[in-house]
Amino acid sequence: MSHKLSLPTMGCGTWAWGNRLLWGYNESMDSQLQAVFDLCVSHSVTLFDTGDSYGTGRLNGRSEKLLGRFSKEYVGSNKNGICIATKLAAYPWRLTRQSMVSACKSSAQRLGRNVDLVQMHWSTANYAPWQEGALLDGLADLYEQGLVNGVGLSNYGPKRLQWVYERFAERGVPISTLQVQYSLLSTYPVTQLELKEICDELGIELIAYSPLALGLLTGKYSEKGRFPNGIRGLLFRQLLPGIRPLLACLREIAEAKNKTISQVAINWCISKGTIPIPGAKSVEQARENIGALGWQLDAGEVAELDNAAVGSSKKMVQNIFQTK
């Protein structure tokens, strides 16, 4: 059977690598992204999360291609620990188990190596429940055939997670990870606490995507300042006024700890027992994310942040594919 997955304390999300629409990617950024990759791996941030749908237009699959190239060319410490996790999209034309096996083989081709962790990008339970069974069977096939080291889910809630867990258990296929939107701004604390407890019970690692809530929790944007372009700007305008108390609390703790607001927000995710995967498009961002490691918020600080989060009148918009 395939060797066990080993996951680091923190990973790196690569949604922006190839995405023009939301993140303004262009090919001239590739050498900077390679430097980000190298810096992360050398600091034990060895998990890279991607998806076969990442990259807009003709750049589809771009994120996987870049990761494949970077991991091949990387020389330095922790090279053997590099773990590439991809998510296969539940496209409407993917209807059979074989379609998932083929999709993963295409990902492996773009990566120039096997996929370490294959994840279902989202559940179709909300709109085409009949489609999901075959796709999940295909994921389990990949594990059984030794084409991947682990299988995970993304954007699944407690009920659906339990359903897949039982379905896989019948075939002896473990679920390694569950990836959900998880930050001080998500629908905290009810669903997240419940999900974390279920994951602990079932031996599943919880991967936290958007730990900085698309950049809202970096403290770099204020209501009076410049907003990011496009959709993110619109979202920030709506949410910033309602999260003042939370940002103030983050700022206070960051100053006391001599850390940045981002580092405190990421460390909070770690202190909750999750593996955050903040994105990084520049070496500065990667360096800042890495600064969330090697120290810990104390219980009092975590409680203060929890209270401030509950007190925030605004929450992050949930992914429309997130199931119950």
Side-chain angles (χ1 to χ4, degrees), residues 5 7 11-19 21-23 25 46-56 59-68 71 82-94 97 99-111 113-128 131-132 134-143 147-157 160-161 164 168 173-182 195 199 204-211 214 274-279 318-323:
L5 269 185
L7 298 171
C12 176
T14 64
W15 179 23
W17 300 15
N19 185 304
L21 202 63
L22 199 65
W23 300 105
Y25 166 82
T46 46
L47 168 67
F48 292 87
D49 181 72
T50 183
D52 68 350
S53 61
Y54 285 179
T56 34
L59 293 175
N60 237 16
R62 180 79 184 171
S63 173
E64 290 181 332
K65 279 189 183 136
L66 289 173
L67 278 171
S71 63
I82 294 172
C83 176
I84 296 182
T86 199
K87 297 184 291 299
L88 303 179
Y91 291 131
W93 58 85
R94 285 187 178 158
R97 329 166 53 137
S99 65
M100 287 307 256
V101 174
S102 307
C104 190
K105 285 181 174 168
S106 301
S107 289
Q109 220 164 352
R110 284 190 288 273
L111 288 164
R113 56 176 279 165
N114 267 5
V115 172
D116 296 299
L117 172 66
V118 70
Q119 306 157 91
M120 181 84 163
H121 204 151
W122 64 83
S123 165
T124 63
N126 292 348
Y127 62 95
Q131 187 188 358
E132 196 170 21
L135 301 186
L136 289 167
D137 290 343
L139 275 193
D141 292 344
L142 285 162
Y143 181 81
L147 294 171
V148 297
N149 297 327
V151 174
L153 303 173
S154 175
N155 298 308
Y156 277 66
R160 205 68 183 166
L161 170 65
V164 181
F168 279 9
V173 174
I175 297 174
S176 297
T177 57
L178 169 67
Q179 178 177 152
V180 291
Q181 185 174 292
Y182 192 105
L195 258 184
C199 284
I204 297 169
E205 293 268 19
L206 193 63
I207 295 175
Y209 79 77
S210 268
L214 298 180
T274 72
I275 301 170
I277 49 167
Q318 277 296 293
N319 187 313
I320 48 165
F321 294 118
Q322 175 71 44
T323 58

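Along the sequence shown, residues are numbered consecutively beginning with 1. Please read all numbers here as calculations on a predicted model, not as lab measurements.
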Ser63: partners by side chain to side chain donor-acceptor pair (under 3.5 Å), with sequence neighbours left out |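 Result, side chain to side chain donor-acceptor pair (under 3.5 Å) vs Ser63: Thr14, Thr50.
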
Under the side chain to side chain contact (heavy atoms under 4.5 Å, CB included) test, residues paired with [X] that sit two or more places apart:
{"X": "Asp141", "answer": "Arg97, Val101, Glu144, Gln145, Arg171"}
{"X": "Glu205", "answer": "Leu7, Thr177, Ile275"}
{"X": "Ser99", "answer": "Arg94, Thr96, Leu135"}
{"X": "Thr274", "answer": "Tyr182, Lys196, Leu206, Ala208, Cys269, Lys272, Pro276"}

Of the non-hydrogen atoms in [X] and [Y], which two are nearest, and what is the gap between them?
{"X": "Ala90", "Y": "Tyr127", "result": "O-OH, 3.8 Å"}
{"X": "Tyr91", "Y": "Ser53", "result": "OH-CB, 3.1 Å"}
{"X": "Gly61", "Y": "Arg110", "result": "O-CD, 3.7 Å"}
{"X": "Ser107", "Y": "Glu64", "result": "OG-OE2, 2.8 Å"}
{"X": "Val115", "Y": "Thr86", "result": "CG1-CG2, 3.8 Å"}
{"X": "Ala85", "Y": "Leu47", "result": "CB-CD1, 4.0 Å"}

Are Ser210 and Gln181 close enough that a side-chain donor and a side-chain acceptor fall under 3.5 Å?
->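 No, Gln181 and Ser210 have no side-chain donor paired with an acceptor closer than 3.5 Å.
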
Can you tell me how far [atom2] of [Y] sits from [atom1] of [X], rounded to the nearest 0.5 angstrom?
{"X": "Asp52", "Y": "Ser106", "atom1": "CG", "atom2": "OG", "answer": "8.0 Å"}
{"X": "Leu66", "Y": "Leu111", "atom1": "CG", "atom2": "CG", "answer": "10.5 Å"}
{"X": "Phe48", "Y": "Leu117", "atom1": "CZ", "atom2": "CG", "answer": "14.0 Å"}
{"X": "Ile277", "Y": "Cys12", "atom1": "CD1", "atom2": "SG", "answer": "8.5 Å"}
{"X": "Gln119", "Y": "Ile175", "atom1": "CD", "atom2": "CD1", "answer": "11.5 Å"}
{"X": "Lys105", "Y": "Asn114", "atom1": "NZ", "atom2": "CG", "answer": "10.5 Å"}

Tyr54 and Trp15 aromatic ring geometry - parallel, tilted or perpendicular at 30°/60° bounds =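 Answer is tilted, since the angle falls between 30° and 60°.
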
Should [X] and [Y] count as side-chain neighbours, where that means a heavy-atom distance under 4.5 Å?
{"X": "Leu136", "Y": "Phe168", "value": "yes"}
{"X": "Leu161", "Y": "Cys199", "value": "yes"}
{"X": "Ile84", "Y": "Ser71", "value": "yes"}

Stepwise, does the side chain to side chain contact (heavy atoms under 4.5 Å, CB included) test hold for Met100 with Asp137?
-> CA-CA 9 Å; Met100 287 307 256; Asp137 290 343; over 6 Å; no

Passes side chain to side chain contact (heavy atoms under 4.5 Å, CB included), Leu139 versus Val173? Steps please.
-> CA-CA 10 Å; Leu139 275 193; Val173 174; over 6 Å; no

Do the side chain of Asn155 and the main chain of His121 share a donor and acceptor less than 3.5 angstrom apart?
->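 Between the backbone of His121 and the side chain of Asn155 there is a qualifying donor-acceptor contact (under 3.5 Å).
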
